[in-house]
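The structure under discussion appears below in the form of structure tokens.
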Amino acid sequence: MSELIEASVTASDLAQRRSGVVIRELSQEVEFRAACVLLDRVWRPPAGNPLITTALLRAFQHSGSYVAGAYETDRLTGVCVGFLAEAGLHSHIAGVDARARGRNIGFALKVHQRAWALERSITKVTWTYDPLVSRNAYFNLAKLGAVAGQYLPDFYGVMDDGMNKGQGSDRLLVAWHLADPAVAEACVRPRDQAAVPPDAALGLDADAEGLPVLGSLGGPCVTVKIPSDIEALRGERPEAAYAWRAALRSTLGGLLAEGAAVTGFTRDGRYLVERKAEG
């Protein structure tokens, strides 16, 4: 375990250097306040209803949970918060300032979180994400090597922040197995891209108008497509965006409920799902 921890710290140091930030645990009220402001700027909740409070961050930090920030000199550019849970650590929320995106700061935060967890003998981190957001699906499944588990319909109930209002709160629960050699490799170099089997069934695709088209869910492998930018679609064509929500819930949600497994996510925005062999 000591070699694994040492390697994880080295990977974290490398990720921080590559992204141009220094990541540290937050412990002061001024740091918690800045973290709350950044997260609200990213998620855009309605006035008077912050996503998280300084008091809650203090409680998480004081009880031994993960509360960390990425700094560029003295400017906070990213935040990641997780709390201790039955699985080990549940990563609850993260955000990177819009001005600093595209520099792998979110990746550096997750690699730091992995090292932090392993130092505390935690080997599994879970979190949820909106399965319609392609960049997050690629980041979680392809880049980090997390494993998709449950599809959770309307997990948070009605949400009224700028990203989710009027679109339901379906989430995909993923698990990150920190001691997995594939995860260790992913933390230092890019993973091979997922390849679509030639005989894969098209479970969900898009038509010429960008609307979802239900296909066949038969066969050992099924591809499930999502829009390239669901967030833009929500602003421009909210009814189309909600149609994608319903279609994904019935296809991906239905497949996972039947025991199928997500085995990858492609650059062009397709979940690869493998069904259990019958008999």
Side-chain angles (χ1 to χ4, degrees), residues 42-43 51 80-83 85-95 106-107 109-110 113-114 124-159 161 163-165 167-178 180 182-183 186 191 194 196 200 203-206 212 214 217 221-231 233-234 241-276:
V42 170
W43 293 93
L51 288 174
C80 188
V81 179
F83 50 82
E86 183 178 5
L89 183 73
H90 185 77
S91 193
H92 175 59
I93 193 168
F107 179 76
L109 280 163
K110 295 305 291 185
Q113 186 182 66
R114 174 176 179 262
K124 181 179 178 181
V125 178
T126 59
W127 65 89
T128 64
Y129 76 95
D130 186 339
L132 274 174
V133 181
S134 183
R135 58 185 171 80
N136 287 351
Y138 186 84
F139 178 76
N140 294 326
L141 304 180
K143 193 166 184 175
L144 292 178
V147 178
Q150 292 176 276
Y151 189 100
L152 305 169
D154 274 331
F155 184 61
Y156 292 112
V158 176
M159 300 183 74
D161 62 90
M163 288 191 178
N164 297 286
K165 186 175 182 179
Q167 291 290 323
S169 60
D170 290 17
R171 294 294 181 265
L172 195 60
L173 177 67
V174 300
W176 204 26
H177 300 285
L178 308 185
D180 186 335
V183 169
R191 286 158 46 91
V196 179
L204 182 61
D205 212 336
L214 299 177
L217 301 181
C221 183
V222 179
T223 64
V224 179
K225 183 174 178 57
I226 58 175
S228 59
D229 190 348
I230 189 66
E231 291 157 312
L233 192 63
R234 285 171 180 163
Y242 194 77
W244 276 102
R245 172 71 81 204
L248 190 66
R249 184 183 295 180
S250 66
T251 53
L252 184 61
L255 286 165
L256 292 180
E258 293 172 2
V262 174
T263 57
F265 190 83
T266 66
R267 278 280 190 188
D268 65 347
R270 296 176 185 271
Y271 288 96
L272 302 183
V273 185
E274 292 189 7
R275 300 169 63 94
K276 287 183 177 180

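As the structure is a computational prediction, the values presented were derived from the model and not from experiment.
- Residues satisfying the ring pair (Phe, Tyr, Trp, His ring centres under 6.0 Å) test with W176, not counting sequence neighbours, are W127.
- Rounded to the nearest 0.5 angstrom, T223 OG1 and D205 CG are separated by 6.5 Å.
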(request) Give the C-alpha distance, both sets of side-chain angles, the deciding distance and a yes or no for side chain to side chain contact (heavy atoms under 4.5 Å, CB included) between T128 and Y156. (result) CA-CA 11 Å; T128 64; Y156 292 112; 3.4 Å; yes

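- The shortest side-chain heavy-atom distance between Q113 and L89 falls under the 4.5 Å cut-off.
- Residues A87 and T126 come closest through the heavy atom pair CB-CG2, 3.9 Å.
- Side chain of D130 to backbone of R171: no donor-acceptor contact under 3.5 angstrom is found.
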(request) May I have the step-by-step check of side chain to side chain contact (heavy atoms under 4.5 Å, CB included) for F155 and L173, ending in yes or no? (result) CA-CA 10 Å; F155 184 61; L173 177 67; over 6 Å; no

(request) Determine, stepwise, if the pair I230 / R245 fulfils side chain to side chain contact (heavy atoms under 4.5 Å, CB included). (result) CA-CA 10 Å; I230 189 66; R245 172 71 81 204; over 6 Å; no

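- Taken to the nearest 0.5 Å, the CG atom of L252 stands 9.5 Å off from the CG atom of L132.
- The shortest side-chain heavy-atom distance between K110 and N140 does not fall under the 4.5 Å cut-off.
- Atom CG of L51 sits about 7.5 Å away from atom NE2 of H92, to the nearest 0.5 Å.
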(request) Could you walk me through whether Y271 and L204 pass side chain to side chain contact (heavy atoms under 4.5 Å, CB included), step by step? (result) CA-CA 10 Å; Y271 288 96; L204 182 61; over 6 Å; no

Under 3.5 Å, side-chain donor or acceptor atoms of residues 254-267 against the rest of the protein: list the pairs with distances, not counting sequence neighbours.
residue: T263; atom: OG1; partner: L272; partner atom: O; Å: 3.4
residue: T266; atom: OG1; partner: D268; partner atom: OD1; Å: 2.4
residue: T266; atom: OG1; partner: R270; partner atom: N; Å: 3.1
residue: R267; atom: NE; partner: Y138; partner atom: OH; Å: 3.1
residue: R267; atom: NH2; partner: Y138; partner atom: OH; Å: 3.3

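- Counting all heavy atoms, side chain and backbone alike, H177 lies closest to V183 at O-CG2, 3.4 Å.
- Panel note: side chain Y151, backbone P131; no donor-acceptor pair is recorded below 3.5 Å.
- Checking side-chain atoms of S169 against main-chain N and O of G157 turns up a donor-acceptor pair under 3.5 Å.
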